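So the structure is just underneath, and the comments pick up after that.
Not measured: the values here are computed from a predicted model. Letters A, B, ... mirror the listed sequences (proteins, then strands); counts begin at 1.
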Amino acid sequence: MKFVPPRVPPATVSEVQVLVADWFRREQRPLPWREPATSAWAVLLSEVMSQQTPVARVAPIWARWLELWPTPADLAQAPTAQVLREWSSLGYPRRALRLQECAAAIVERHDGVVPQIYDDLVELPGIGDYTAAAVVAFAHGRRSTVVDTNVRRVLARVFSGTALPPPTYSAAERAFARAITPELDEQAAAWAAGSMELGAVVCTARTAYCEACPISALCAWRLAGFPEDEHAQVRTTQKFTGTDRQVRGKVMKVLRDAHGPVLRSQIDLVWPDQAQLDRCVASLIEDGLAEQDGEAYSLPQ
DNA sequence: AATGCGGGGAG
DNA sequence: CTCCCAGCATT
């Protein structure tokens, strides 16, 4: 079933957005990057770290990175091996490489200043549609359409009346999100933050805590009697155990925990299947996450 | 449009 | 145990 843009009266959209903004003002979590003095660079950092990683795990790493590298120029000059070590176990360490490349690009293209324009942001390494829009709204307080997995779910439930959005994010869905973005900077930013937060803590994937929801009375999914997810059959859950992703993670942990180069014999200990291990080590080198010097492997210098 | 890419905590 | 998380890049 494709996404069909719901026909919602503008007055209803506006009422939803006002209620969510008010709720967010009262109930938002005190996340460290929401402190007023947070720099645009710090916000960008928090957004990239939060891609596919829960915020609770991000917070301490984020604080440490800002101590070490308070500006893009600082990160650009850091040893990549240290960047990967400080990334710790946030997962998807390619994000750390992209972040350092992003910092270098900000220095080269934008004089070391985080851009305020979506089109400039989205050109940066590791910055896609979501993160570019999020930096516009949360770092600069400007109007943008911020759509992450939480927002997609909230829009699906409130306006489309479905349990979950379609498996893939379509152009039609994007157009709908854009169409209901408030015109004013302040209201657009509040809607972005509020709709994300609502999906993160109230209208969650597993459970909808409708008794805590400021717009439950207006929710199409609730009014329809909570129909089941119609895409449940085609939704595939990603395996992890035994995959290259798991093996790559184990190898990276060995490299991070070692002070210097490690021998292949040390890497061999983390996984029994040598063919798979070979493939994973090669792919890590290919990705720029590891280096080989004869029999010794290490993080990139 | 589909895949690959980490890791940990909640239910 | 399964599911899910403030996605991106590549095909």
Side-chain angles (χ1 to χ4, degrees), chain A residues 2-3 24 28-29 31-34 42-62 84 87-99 101-102 121-139 144-154 164-174 189 192-201 203-207 209 229 231-232 234-256 270-271 279-280 283-284 286-289:
Chain A
K2 280 175 32 180
F3 174 79
F24 180 74
Q28 63 171 299
R29 294 167 295 175
L31 301 178
W33 41 86
R34 286 178 177 165
V43 170
L44 187 156
L45 211 49
S46 78
E47 293 300 339
V48 173
M49 288 181 170
S50 299
Q51 293 167 2
Q52 302 289 281
T53 302
V55 296
R57 291 174 55 199
V58 166
I61 308 294
W62 175 81
L84 290 170
W87 187 255
S88 187
S89 61
L90 283 185
Y92 297 139
R94 294 190 295 194
R95 287 184 291 165
L97 294 183
R98 296 296 91 78
L99 219 26
E101 295 166 8
C102 176
L121 287 161
V122 83
E123 289 299 316
L124 297 170
I127 308 297
D129 172 68
Y130 162 76
T131 306
V135 170
V136 170
F138 305 145
S144 73
T145 302
V146 181
V147 182
D148 73 335
T149 184
N150 291 310
V151 174
R152 291 189 64 214
R153 184 173 55 252
V154 168
L164 292 172
T168 51
Y169 184 40
S170 65
E173 208 182 331
R174 183 191 312 270
S195 55
M196 278 181 63
E197 186 81 347
L198 193 66
V201 304
C203 197
T204 67
R206 221 184 268 272
T207 313
Y209 300 96
D229 173 27
H231 304 99
V234 292
R235 258 179 244 283
T236 63
T237 58
Q238 268 189 337
K239 282 288 98 187
F240 176 59
T241 306
T243 62
D244 286 3
R245 262 176 38 244
Q246 183 185 25
V247 178
R248 283 167 54 105
K250 286 179 175 296
V251 174
M252 286 301 291
K253 178 168 173 53
V254 170
L255 298 180
R256 280 199 311 269
V270 304
W271 197 249
R279 184 171 71 243
C280 289
S283 75
L284 289 172
E286 178 70 21
D287 287 349
L289 288 165

>> One character per nucleotide, please: for nucleotides 5-11 of chain B, 5' to 3', B when the base has a protein heavy atom closer than 4.0 Å, S when only the sugar-phosphate does, - otherwise.
In response: BBBS-BS
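- No contact: A/Ser46 has no heavy atom under 4.0 Å from any strand.
- Between C/dA6 and B/dC5, the distance separating the two P atoms is 23 Å to the nearest Å.
- Between the NZ atom of A/Lys239 and the C1' atom of C/dC1 there is a distance of 9 Å, rounded to whole Å.
- Checked by atom type and distance alone, the side chain of A/Arg248 never pairs as donor or acceptor with a backbone atom of A/Cys280 at under 3.5 Å.
- Taking each heavy atom of A/Thr53 and A/Arg95 in turn, the nearest pair found is OG1-NH2, 2.9 Å.
- Side chain of A/Arg174 to main chain of A/Tyr169: no donor-acceptor pair is present (N/O by atom type, distance under 3.5 Å, no hydrogens or angles).
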Taking only nitrogen or oxygen atoms into account, show me every contact under 3.5 Å that the protein makes with nucleotides 9-11 of chain C, one pair per line with its distance.
unit_1: C/dA9; atom_1: OP1; unit_2: A/Gly126; atom_2: N; d: 2.7

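- Heavy atoms of A/Ala134 sit nowhere under 4.0 angstrom from any nucleic acid atom.
- Between A/Glu101 and A/Arg94 there is no salt bridge, since no side-chain nitrogen of the basic residue lies less than 4.0 Å from a carboxylate oxygen of the acidic one.
- Using a 4.0 Å heavy-atom distance criterion, A/Trp33 is classed as a base contact.
- Without hydrogens or angle criteria, A/Thr243 side chain to A/Phe240 main chain gives a donor-acceptor distance under 3.5 Å.
- For the residue pair A/Gln51 / A/Tyr130, no side-chain donor-acceptor distance below 3.5 Å is found, with atom types taken as modelled.
- A/Thr204 comes within 4.0 angstrom of no nucleic acid atom, judged by non-hydrogen atoms across all strands.
- Between the side chain of A/Trp33 and the backbone N or O of A/Phe138, no donor-acceptor pair lies under 3.5 Å.
- Nearest heavy atom pair, residue A/Pro93 against residue A/Trp87, reads CA-NE1, 3.7 Å.
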